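As C-alpha coordinates, the structure follows; a few thoughts come after it.
Letters A, B, ... mirror the listed sequences (proteins, then strands); counts begin at 1. Values in this document were obtained by computation on a predicted structure and should not be read as measured data.
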There are 2 protein chains.
Amino acid sequence: MKTAREQCEASNTLKNAGLSQTSHRKRILHILIHADTPLSVSDILRQLDQERKMNKVTVYRILSSFKSEGIIREIPTDHGVNRYEMACQHNPVHPHVYCRICRTMTCMPPITLSQVWDLFAAPSDFRIDNINVSITGLCRTCQRK
Amino acid sequence: MKTAREQCEASNTLKNAGLSQTSHRKRILHILIHADTPLSVSDILRQLDQERKMNKVTVYRILSSFKSEGIIREIPTDHGVNRYEMACQHNPVHPHVYCRICRTMTCMPPITLSQVWDLFAAPSDFRIDNINVSITGLCRTCQRK
DNA sequence: ATCATAAATGCAACAGGGTTGCAAATATTA
DNA sequence: TAATATTTGCAACCCTGTTGCATTTATGAT
Ligand SMILES: [Mn+2]
Ligand SMILES: [Mn+2]
Ligand SMILES: [Zn+2]
Ligand SMILES: [Zn+2]
(Lines give C-alpha, C1' and ligand atoms only; values in the text may rest on other atoms or scores of the structure.)
(Ligands and ions follow the chains in the order given, each with its own letter.)
Protein backbone atom coordinates (compact mmCIF):
# COMPACT_ATOMS: atom_id res chain seq x y z
CA MET A 1 0.00 0.00 0.00
CA LYS A 2 1.49 3.27 -1.14
CA THR A 3 1.19 6.52 0.72
CA ALA A 4 -0.66 9.35 -0.97
CA ARG A 5 2.59 11.28 -1.36
CA GLU A 6 4.23 8.42 -3.22
CA GLN A 7 1.37 8.23 -5.66
CA CYS A 8 2.03 11.79 -6.76
CA GLU A 9 5.64 11.15 -7.69
CA ALA A 10 6.74 11.31 -11.29
CA SER A 11 6.91 7.66 -12.27
CA ASN A 12 3.73 6.71 -10.42
CA THR A 13 1.90 9.61 -11.98
CA LEU A 14 2.96 8.45 -15.45
CA LYS A 15 2.05 4.86 -14.70
CA ASN A 16 -1.40 5.79 -13.37
CA ALA A 17 -2.02 7.90 -16.46
CA GLY A 18 -0.95 5.12 -18.79
CA LEU A 19 1.88 7.16 -20.28
CA SER A 20 5.25 5.61 -21.08
CA GLN A 21 8.12 6.52 -18.80
CA THR A 22 10.38 8.59 -20.99
CA SER A 23 13.16 10.68 -19.51
CA HIS A 24 11.68 13.82 -21.09
CA ARG A 25 8.35 13.37 -19.42
CA LYS A 26 9.96 12.63 -16.07
CA ARG A 27 12.14 15.74 -16.25
CA ILE A 28 9.17 18.00 -16.94
CA LEU A 29 7.06 16.32 -14.29
CA HIS A 30 9.86 16.75 -11.78
CA ILE A 31 9.97 20.48 -12.43
CA LEU A 32 6.19 20.84 -12.11
CA ILE A 33 6.04 18.79 -8.91
CA HIS A 34 8.64 20.97 -7.23
CA ALA A 35 7.23 24.31 -8.43
CA ASP A 36 5.44 26.46 -5.88
CA THR A 37 3.66 28.55 -8.51
CA PRO A 38 2.22 27.80 -11.97
CA LEU A 39 4.92 27.77 -14.67
CA SER A 40 4.90 28.97 -18.28
CA VAL A 41 6.57 27.00 -21.06
CA SER A 42 9.39 29.57 -21.01
CA ASP A 43 9.85 28.97 -17.28
CA ILE A 44 10.03 25.23 -17.86
CA LEU A 45 12.43 25.55 -20.81
CA ARG A 46 14.68 27.82 -18.79
CA GLN A 47 14.89 25.29 -15.97
CA LEU A 48 15.44 22.39 -18.37
CA ASP A 49 18.19 24.19 -20.26
CA GLN A 50 20.24 24.69 -17.12
CA GLU A 51 20.85 20.96 -17.20
CA ARG A 52 20.32 19.80 -20.81
CA LYS A 53 18.41 21.43 -23.68
CA MET A 54 14.98 20.21 -24.68
CA ASN A 55 13.08 21.24 -27.80
CA LYS A 56 10.13 23.52 -27.13
CA VAL A 57 7.87 21.46 -29.39
CA THR A 58 8.53 18.46 -27.19
CA VAL A 59 7.63 20.47 -24.10
CA TYR A 60 4.37 21.61 -25.67
CA ARG A 61 3.48 18.08 -26.71
CA ILE A 62 4.28 16.61 -23.32
CA LEU A 63 2.27 19.30 -21.52
CA SER A 64 -0.57 18.65 -23.93
CA SER A 65 -0.57 14.93 -23.10
CA PHE A 66 -0.38 15.69 -19.36
CA LYS A 67 -3.35 18.00 -19.73
CA SER A 68 -5.39 15.41 -21.62
CA GLU A 69 -4.70 12.88 -18.89
CA GLY A 70 -5.65 15.33 -16.16
CA ILE A 71 -2.18 15.32 -14.63
CA ILE A 72 -1.83 19.09 -14.88
CA ARG A 73 -4.06 22.14 -15.08
CA GLU A 74 -3.65 24.90 -17.66
CA ILE A 75 -4.16 28.45 -16.44
CA PRO A 76 -4.57 31.18 -19.06
CA THR A 77 -3.47 34.74 -18.36
CA ASP A 78 -4.33 38.20 -19.64
CA HIS A 79 -1.03 38.23 -21.53
CA GLY A 80 -1.76 35.17 -23.66
CA VAL A 81 0.83 33.01 -21.90
CA ASN A 82 -0.52 29.81 -20.42
CA ARG A 83 0.79 28.49 -17.14
CA TYR A 84 0.75 24.95 -15.79
CA GLU A 85 0.53 23.34 -12.37
CA MET A 86 0.08 19.83 -10.99
CA ALA A 87 -3.49 18.62 -10.66
CA CYS A 88 -2.77 15.87 -8.12
CA GLN A 89 -4.52 15.12 -4.83
CA HIS A 90 -2.30 17.55 -2.97
CA ASN A 91 -3.23 20.43 -5.21
CA PRO A 92 -7.01 20.78 -5.46
CA VAL A 93 -8.66 23.43 -7.65
CA HIS A 94 -8.01 26.90 -6.30
CA PRO A 95 -8.04 30.53 -7.47
CA HIS A 96 -4.95 32.47 -8.52
CA VAL A 97 -3.93 36.08 -8.22
CA TYR A 98 -1.96 37.45 -11.13
CA CYS A 99 -0.12 40.75 -11.28
CA ARG A 100 -0.59 42.40 -14.66
CA ILE A 101 2.71 44.25 -14.36
CA CYS A 102 5.32 41.80 -13.05
CA ARG A 103 3.21 38.83 -14.19
CA THR A 104 3.69 36.97 -10.95
CA MET A 105 1.05 34.31 -10.36
CA THR A 106 0.30 33.17 -6.83
CA CYS A 107 -1.82 30.24 -5.70
CA MET A 108 -4.66 30.95 -3.27
CA PRO A 109 -6.27 28.61 -0.71
CA PRO A 110 -8.47 25.96 -2.31
CA ILE A 111 -12.23 26.09 -2.53
CA THR A 112 -14.26 22.93 -2.63
CA LEU A 113 -15.75 21.79 -5.90
CA SER A 114 -19.21 21.86 -4.38
CA GLN A 115 -18.74 25.50 -3.42
CA VAL A 116 -17.80 26.30 -6.99
CA TRP A 117 -20.65 24.24 -8.29
CA ASP A 118 -23.25 25.94 -6.11
CA LEU A 119 -21.91 29.38 -6.79
CA PHE A 120 -21.56 29.24 -10.53
CA ALA A 121 -24.42 26.97 -11.43
CA ALA A 122 -23.04 25.84 -14.76
CA PRO A 123 -25.63 24.53 -17.21
CA SER A 124 -26.33 20.84 -16.71
CA ASP A 125 -25.64 19.93 -20.33
CA PHE A 126 -22.13 21.40 -20.26
CA ARG A 127 -19.37 18.90 -19.46
CA ILE A 128 -16.91 20.71 -17.21
CA ASP A 129 -13.23 19.93 -17.73
CA ASN A 130 -11.71 22.80 -15.86
CA ILE A 131 -12.77 25.67 -13.66
CA ASN A 132 -10.41 28.58 -13.58
CA VAL A 133 -10.71 31.50 -11.20
CA SER A 134 -8.23 34.21 -11.97
CA ILE A 135 -7.88 37.45 -10.06
CA THR A 136 -5.84 40.02 -11.96
CA GLY A 137 -4.53 43.24 -10.45
CA LEU A 138 -1.43 44.66 -8.83
CA CYS A 139 0.74 42.94 -6.26
CA ARG A 140 2.00 44.90 -3.28
CA THR A 141 5.35 45.65 -4.92
CA CYS A 142 3.90 46.92 -8.20
CA GLN A 143 1.38 49.17 -6.45
CA ARG A 144 4.27 51.29 -5.20
CA LYS A 145 5.63 52.15 -8.66
CA MET B 1 -32.12 63.03 -15.64
CA LYS B 2 -31.00 60.25 -17.88
CA THR B 3 -32.22 56.70 -17.61
CA ALA B 4 -29.67 54.02 -16.75
CA ARG B 5 -30.01 52.55 -20.23
CA GLU B 6 -29.14 55.85 -21.86
CA GLN B 7 -26.00 56.16 -19.81
CA CYS B 8 -24.70 52.93 -21.29
CA GLU B 9 -24.99 54.15 -24.89
CA ALA B 10 -21.90 54.71 -26.95
CA SER B 11 -21.48 58.47 -26.83
CA ASN B 12 -22.39 58.74 -23.16
CA THR B 13 -20.00 55.95 -22.30
CA LEU B 14 -17.21 57.78 -24.10
CA LYS B 15 -18.09 61.08 -22.47
CA ASN B 16 -18.18 59.57 -18.98
CA ALA B 17 -14.81 57.94 -19.59
CA GLY B 18 -13.27 61.18 -20.83
CA LEU B 19 -12.48 59.74 -24.25
CA SER B 20 -12.92 61.77 -27.43
CA GLN B 21 -15.84 60.82 -29.63
CA THR B 22 -14.22 59.40 -32.73
CA SER B 23 -16.19 57.41 -35.25
CA HIS B 24 -13.86 54.44 -34.79
CA ARG B 25 -14.47 54.25 -31.07
CA LYS B 26 -18.22 54.57 -31.55
CA ARG B 27 -18.33 51.80 -34.14
CA ILE B 28 -16.48 49.36 -31.88
CA LEU B 29 -18.56 50.32 -28.86
CA HIS B 30 -21.73 49.80 -30.88
CA ILE B 31 -20.66 46.27 -31.74
CA LEU B 32 -19.79 45.43 -28.14
CA ILE B 33 -23.01 46.89 -26.76
CA HIS B 34 -25.11 44.76 -29.09
CA ALA B 35 -23.13 41.54 -28.62
CA ASP B 36 -24.71 38.79 -26.54
CA THR B 37 -21.41 37.00 -25.94
CA PRO B 38 -17.80 38.16 -25.42
CA LEU B 39 -16.07 38.93 -28.73
CA SER B 40 -12.51 38.35 -29.92
CA VAL B 41 -10.63 40.93 -31.98
CA SER B 42 -11.22 38.72 -35.03
CA ASP B 43 -14.94 38.74 -34.31
CA ILE B 44 -14.93 42.52 -34.07
CA LEU B 45 -12.83 42.96 -37.24
CA ARG B 46 -15.14 40.65 -39.14
CA GLN B 47 -18.20 42.69 -38.13
CA LEU B 48 -16.45 45.98 -38.88
CA ASP B 49 -15.29 44.85 -42.31
CA GLN B 50 -18.81 44.05 -43.44
CA GLU B 51 -19.38 47.80 -43.47
CA ARG B 52 -15.96 49.49 -43.80
CA LYS B 53 -12.46 48.17 -43.07
CA MET B 54 -10.64 49.14 -39.90
CA ASN B 55 -6.98 48.45 -39.16
CA LYS B 56 -6.45 45.77 -36.53
CA VAL B 57 -3.89 47.90 -34.70
CA THR B 58 -6.54 50.55 -34.23
CA VAL B 59 -8.93 47.97 -32.84
CA TYR B 60 -6.33 46.74 -30.36
CA ARG B 61 -5.52 50.29 -29.28
CA ILE B 62 -9.15 51.24 -28.85
CA LEU B 63 -9.89 48.09 -26.84
CA SER B 64 -6.84 48.80 -24.73
CA SER B 65 -8.10 52.31 -23.92
CA PHE B 66 -11.59 50.96 -23.16
CA LYS B 67 -10.06 48.43 -20.81
CA SER B 68 -7.97 51.06 -19.01
CA GLU B 69 -11.09 53.16 -18.50
CA GLY B 70 -13.08 50.20 -17.20
CA ILE B 71 -15.57 50.33 -20.07
CA ILE B 72 -14.95 46.73 -21.06
CA ARG B 73 -13.69 43.51 -19.47
CA GLU B 74 -11.02 41.29 -21.01
CA ILE B 75 -11.57 37.55 -20.75
CA PRO B 76 -8.61 35.27 -21.53
CA THR B 77 -9.17 31.79 -22.93
CA ASP B 78 -7.24 28.52 -23.04
CA HIS B 79 -6.44 29.20 -26.70
CA GLY B 80 -4.60 32.46 -26.10
CA VAL B 81 -7.31 34.57 -27.72
CA ASN B 82 -8.73 37.30 -25.51
CA ARG B 83 -12.40 38.19 -25.63
CA TYR B 84 -14.11 41.41 -24.67
CA GLU B 85 -17.50 42.39 -23.24
CA MET B 86 -19.11 45.54 -21.88
CA ALA B 87 -18.51 46.28 -18.21
CA CYS B 88 -21.48 48.63 -17.77
CA GLN B 89 -24.13 48.61 -15.04
CA HIS B 90 -26.25 46.17 -16.98
CA ASN B 91 -23.47 43.60 -17.20
CA PRO B 92 -22.03 42.88 -13.76
CA VAL B 93 -19.13 40.47 -13.22
CA HIS B 94 -20.17 36.92 -14.02
CA PRO B 95 -18.61 33.55 -14.89
CA HIS B 96 -18.31 32.18 -18.42
CA VAL B 97 -18.46 28.72 -19.89
CA TYR B 98 -16.13 28.10 -22.80
CA CYS B 99 -16.12 25.10 -25.11
CA ARG B 100 -12.59 23.98 -25.88
CA ILE B 101 -13.64 22.53 -29.23
CA CYS B 102 -15.95 25.04 -30.92
CA ARG B 103 -14.60 27.85 -28.75
CA THR B 104 -18.04 29.22 -28.00
CA MET B 105 -18.13 31.40 -24.91
CA THR B 106 -21.39 31.83 -23.04
CA CYS B 107 -22.20 34.26 -20.23
CA MET B 108 -23.54 32.82 -16.97
CA PRO B 109 -25.77 34.49 -14.35
CA PRO B 110 -23.91 37.11 -12.30
CA ILE B 111 -22.55 36.55 -8.82
CA THR B 112 -22.20 39.42 -6.40
CA LEU B 113 -18.79 40.88 -5.78
CA SER B 114 -19.14 40.18 -2.07
CA GLN B 115 -19.77 36.50 -2.80
CA VAL B 116 -16.59 36.39 -4.84
CA TRP B 117 -14.73 38.30 -2.21
CA ASP B 118 -15.80 36.02 0.63
CA LEU B 119 -15.17 32.89 -1.35
CA PHE B 120 -11.74 33.65 -2.73
CA ALA B 121 -10.31 35.69 0.09
CA ALA B 122 -7.74 37.51 -1.97
CA PRO B 123 -4.80 38.87 0.01
CA SER B 124 -5.52 42.29 1.42
CA ASP B 125 -2.43 43.87 -0.10
CA PHE B 126 -3.36 42.84 -3.63
CA ARG B 127 -5.27 45.50 -5.58
CA ILE B 128 -7.92 43.65 -7.59
CA ASP B 129 -8.62 44.97 -11.09
CA ASN B 130 -10.49 42.03 -12.49
CA ILE B 131 -11.92 38.72 -11.36
CA ASN B 132 -12.36 36.15 -14.05
CA VAL B 133 -14.17 32.87 -13.59
CA SER B 134 -13.84 30.65 -16.59
CA ILE B 135 -15.36 27.19 -16.91
CA THR B 136 -13.86 25.22 -19.80
CA GLY B 137 -15.29 22.00 -21.14
CA LEU B 138 -17.58 20.71 -23.84
CA CYS B 139 -20.88 22.23 -24.90
CA ARG B 140 -23.82 19.98 -25.58
CA THR B 141 -23.19 19.89 -29.33
CA CYS B 142 -19.51 19.04 -29.09
CA GLN B 143 -20.12 16.23 -26.59
CA ARG B 144 -21.89 14.29 -29.32
CA LYS B 145 -18.92 14.19 -31.71
C1' DA C 1 -12.25 80.63 -40.27
C1' DT C 2 -7.19 79.88 -39.41
C1' DC C 3 -3.55 78.19 -37.47
C1' DA C 4 -0.90 75.45 -33.98
C1' DT C 5 -0.96 71.56 -31.27
C1' DA C 6 -2.27 67.17 -29.67
C1' DA C 7 -4.50 62.88 -30.42
C1' DA C 8 -5.95 59.10 -33.36
C1' DT C 9 -5.30 56.14 -37.32
C1' DG C 10 -2.94 53.22 -40.94
C1' DC C 11 0.87 50.70 -42.50
C1' DA C 12 4.77 47.76 -42.25
C1' DA C 13 7.56 45.26 -39.76
C1' DC C 14 8.19 42.71 -35.83
C1' DA C 15 7.85 39.63 -31.36
C1' DG C 16 6.42 35.62 -29.12
C1' DG C 17 3.46 31.74 -28.11
C1' DG C 18 1.99 27.86 -30.04
C1' DT C 19 1.34 24.30 -34.08
C1' DT C 20 2.31 21.10 -38.07
C1' DG C 21 4.84 17.88 -41.20
C1' DC C 22 8.29 14.97 -41.55
C1' DA C 23 12.55 12.58 -40.65
C1' DA C 24 15.50 10.59 -37.04
C1' DA C 25 15.84 8.45 -32.65
C1' DT C 26 13.99 5.81 -29.02
C1' DA C 27 10.89 2.67 -26.71
C1' DT C 28 7.80 -1.41 -26.92
C1' DT C 29 6.44 -5.89 -28.31
C1' DA C 30 6.80 -10.20 -30.52
C1' DT D 1 16.99 -9.51 -32.40
C1' DA D 2 13.82 -7.66 -35.54
C1' DA D 3 9.42 -5.34 -36.53
C1' DT D 4 6.41 -1.88 -35.04
C1' DA D 5 4.72 2.01 -32.63
C1' DT D 6 5.81 6.04 -30.06
C1' DT D 7 8.51 9.94 -29.02
C1' DT D 8 11.68 13.61 -30.14
C1' DG D 9 14.04 17.33 -32.91
C1' DC D 10 14.07 20.53 -36.51
C1' DA D 11 12.36 23.82 -39.69
C1' DA D 12 8.88 26.21 -41.20
C1' DC D 13 4.78 28.13 -40.27
C1' DC D 14 0.26 30.43 -38.21
C1' DC D 15 -1.88 33.66 -35.32
C1' DT D 16 -2.42 37.10 -31.75
C1' DG D 17 -0.78 41.09 -30.30
C1' DT D 18 2.88 45.11 -30.31
C1' DT D 19 6.05 48.99 -31.85
C1' DG D 20 7.83 52.88 -34.71
C1' DC D 21 6.76 56.19 -37.66
C1' DA D 22 4.35 58.86 -41.11
C1' DT D 23 -0.22 60.68 -42.14
C1' DT D 24 -4.63 62.10 -41.00
C1' DT D 25 -8.04 63.93 -38.01
C1' DA D 26 -9.73 66.22 -33.93
C1' DT D 27 -9.26 70.06 -30.53
C1' DG D 28 -8.69 74.71 -28.90
C1' DA D 29 -6.99 79.29 -29.04
C1' DT D 30 -6.56 83.42 -31.76
MN1 LIG E 1 -2.14 27.20 -8.21
MN1 LIG F 1 -20.09 37.63 -20.16
ZN1 LIG G 1 3.59 42.76 -9.50
ZN1 LIG H 1 -18.69 23.27 -28.50
Side-chain angles (χ1 to χ4, degrees), chain A residues 10-11 13-15 17-29 31 38-49 51-69 71-84 98 100-101 103 105 136, chain B residues 10-11 13-15 17-29 31 38-49 51-69 71-84 98 100-101 103 105 136:
Chain A
S11 62
T13 303
L14 290 174
K15 187 193 288 177
L19 293 173
S20 57
Q21 311 241 355
T22 71
S23 63
H24 294 68
R25 288 210 249 250
K26 278 192 263 192
R27 288 177 68 202
I28 292 182
L29 214 39
I31 289 174
L39 302 178
S40 66
V41 169
S42 312
D43 294 334
I44 294 171
L45 277 171
R46 201 173 307 117
Q47 287 198 43
L48 286 168
D49 290 356
E51 181 197 352
R52 188 168 68 262
K53 295 238 178 246
M54 189 183 298
N55 191 276
K56 68 168 182 169
V57 181
T58 305
V59 176
Y60 278 110
R61 287 197 273 231
I62 287 179
L63 290 176
S64 174
S65 71
F66 286 178
K67 194 183 156 196
S68 313
E69 297 301 328
I71 295 176
I72 60 173
R73 275 187 288 268
E74 184 181 65
I75 303 152
T77 72
D78 276 8
H79 296 96
V81 182
N82 286 334
R83 288 166 174 261
Y84 301 88
Y98 178 70
R100 69 177 144 80
I101 295 190
R103 306 189 179 188
M105 183 174 278
T136 304
Chain B
S11 62
T13 303
L14 290 174
K15 187 193 288 178
L19 294 173
S20 57
Q21 311 241 356
T22 71
S23 63
H24 293 68
R25 289 210 247 250
K26 278 192 264 189
R27 288 177 69 200
I28 292 182
L29 214 38
I31 290 174
L39 302 178
S40 66
V41 168
S42 312
D43 294 333
I44 294 170
L45 277 170
R46 201 174 307 115
Q47 287 198 42
L48 286 167
D49 290 354
E51 182 196 352
R52 188 167 68 262
K53 297 238 178 245
M54 189 183 300
N55 191 276
K56 68 168 183 168
V57 180
T58 305
V59 176
Y60 278 110
R61 286 198 275 230
I62 288 178
L63 289 175
S64 174
S65 71
F66 285 177
K67 192 183 157 197
S68 313
E69 296 301 328
I71 294 176
I72 60 174
R73 275 187 289 268
E74 184 181 64
I75 303 152
T77 72
D78 276 9
H79 296 96
V81 181
N82 286 334
R83 288 167 173 261
Y84 301 89
Y98 178 69
R100 68 178 145 79
I101 295 189
R103 307 190 178 186
M105 182 173 277
T136 303

### Message
What contact category does S40(B) fall into here, base, sugar-phosphate, or nothing, at under 4.0 angstrom with non-hydrogen atoms?
### Response
nothing
Review item, nucleotides 3-5 of chain C N/O atoms under 3.5 Å of protein N/O:
none

### Message
Check the phosphate of dG17(C) against S42(A), side-chain N and O only, distance under 4.0 Å to OP1 or OP2. Yes or no?
### Response
yes
### Task
May I have the distance from H79(B) (atom NE2) to dC14(D) (atom C1'), rounded to whole angstrom?
15 Å
### Query
Under 4.0 angstrom, heavy atoms only, what part of the nucleic acid is H24(A) near: base, sugar-phosphate, or nothing?
sugar-phosphate
### Message
Tell me the interatomic distance from K26(B), atom NZ, to dT9(C), atom P, rounded to whole angstroms.
### Response
12 Å
Could I get a table of every N or O pair under 3.5 Å where one atom is in the protein and the other is in nucleotides 19-21 of chain C?
none

### Query
Looking at CD1 of I31(B) and CD of E51(B), how far apart are the two atoms once the value is rounded to the nearest 0.5 Å?
8.0 Å
### Message
Using whole Å, what does the distance between atom C1' of nucleotide dG18(C) and atom NZ of K67(A) come to?
### Response
12 Å
### Task
Carefully, step by step, assess N82(A) and V41(A) under the rule side chain to side chain contact (heavy atoms under 4.5 Å, CB included).
CA-CA 8 Å; N82(A) 286 334; V41(A) 169; over 6 Å; no
### Query
Just by modelled atom types, is the V81(B) backbone N or O under 3.5 Å from a matching donor or acceptor in the R103(B) side chain?
no
Tabulate below the donor-acceptor pairs under 3.5 Å that side-chain atoms of residues 53-66 of chain B make, not counting sequence neighbours, or state none.
residue	atom	partner	partner atom	Å
N55(B)	OD1	V57(B)	N	2.8
S65(B)	OG	I62(B)	O	2.8

### Message
Looking at T77(B), is its backbone amide N or carbonyl O close enough to the side chain of R83(B) to form a donor-acceptor pair, meaning the two atoms are under 3.5 Å apart?
### Response
no
#### Entry: NE2 on H79(B) to OG on S40(B), rounded to 0.5 Å
12.5 Å
### Rounded distance (Å) that lies between atom P of dA7(C) and atom CZ of R25(B)
11 Å
### Task
Could you state the atom-to-atom distance from CG of N55(A) to P of dG17(C) in whole Å?
14 Å
### Message
In whole Å, I'd like the distance from the CG atom of L45(A) to the P atom of dC10(D).
### Response
13 Å
### Message
Looking at dG18(C), I'd like to know if its phosphate oxygens (OP1 or OP2) sit under 4.0 Å from a side-chain N or O belonging to N82(A).
### Response
yes
### Query
At what distance, to the nearest 0.5 angstrom, does CG of L29(A) lie from CD1 of I72(A)?
8.5 Å
### Query
About how many Å separate OH of Y84(B) and CD1 of I44(B), when rounded to the nearest 0.5 Å?
8.0 Å
### Query
If an axis is fit to five pairs at each end of the helix from dA1(C)-dT30(D) to dA30(C)-dT1(D), what is the angle between the two, to the nearest 10°?
30°
### Closest heavy-atom pair and its distance - A17(A), I71(A)
CB-CD1, 3.6 Å
### Separation of atom CG in L39(A) from atom C1' in dG17(C), rounded to whole Å
16 Å
### Euclidean distance, atom CG of residue L48(B) to atom P of dG10(C) [Å, nearest integer]
10 Å
Could you pull out the protein-nucleic contacts involving nucleotides 23-30 of chain D (nitrogen or oxygen on both sides, under 3.5 Å)?
none

### Message
Please enumerate all residues that pass salt bridge (Lys or Arg N to Asp or Glu O under 4.0 Å) together with R25(B), with sequence neighbours excluded.
### Response
none
### Task
Looking only at non-hydrogen atoms, find the nearest pair between Q47(A) and L39(A) and report the distance.
NE2-CD1, 4.0 Å
### First encountered from the 5' end of DNA chain C, between G80(B) and L19(B)
L19(B)
### Query
Taking atom CG of L19(A) and atom OG of S11(A), what is their separation to the nearest 0.5 Å?
12.5 Å
